[in-house]
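Below: one structure, written as structure tokens.
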Amino acid sequence: MINVYASVEGRDLGGVDTAIQKVLPTLKNKLPRGTQLFRRGQVSTMPSSLRDYGAGVGVAIVLMYL
């Protein structure tokens with residue numbers, strides 16, 4: 001297992017993730033068979049956090065009008 005750590009100082013996390021998603025398919029073709037790539041850290045929890053935030057806002061709006 002090889003871990004690659006990167007800092008996104010000065011850029012937004014979503015923009016960095018978009019750039020990484022563009023590069024990953026080209027890297028997958030060059031890796032040995034059986035090798036897997038995983039994105040971990042804040043970028044992997046970002047979609048679920050955004051979804052939960054949206055659900056919370058939706059519930060709050062409904063509760064305001066009850």
> F38, I20: one ILVMFWY side-chain cluster at the under-4.5 Å cut-off?
Replying inline: no

> Going through the checks in order, is the side chain to side chain contact (heavy atoms under 4.5 Å, CB included) test met by L63 and L66?
Replying inline: CA-CA 5 Å; L63 290 175; L66 286 179; 3.7 Å; yes

> If two hydrophobic side chains count as joined below 4.5 Å and joins carry through other members, does Y53 share a cluster with M64?
Replying inline: yes

> Does the T18 side chain pair with the main chain of G14, one donor and one acceptor, at a distance under 3.5 Å?
Replying inline: yes

>> Within this structure, what is the CG-CZ distance for the pair D17 and R11, rounded to the nearest 0.5 Å?
In response: 10.5 Å

>> Nearest 0.5 angstrom please: L24 CG to N29 CG, how far?
In response: 11.0 Å

> Does atom CD of Q42 have more than 12 heavy-atom neighbours from other groups under 6.0 Å away?
Replying inline: no

>> Contact between P25 and K28 at the side-chain level, heavy atoms closer than 4.5 Å - yes or no?
In response: no

>> As a quick check of understanding, evaluate side chain to side chain contact (heavy atoms under 4.5 Å, CB included) for D12 and V16, giving each step before the final call.
In response: CA-CA 6 Å; D12 66 295; V16 172; over 6 Å; no

> Linking I/L/V/M/F/W/Y whenever any side-chain heavy atoms sit under 4.5 Å apart, do V8 and M46 land together?
Replying inline: yes

> What about V57 and V62, same hydrophobic cluster or not, with Ile/Leu/Val/Met/Phe/Trp/Tyr joined at side-chain heavy-atom distances under 4.5 Å?
Replying inline: no

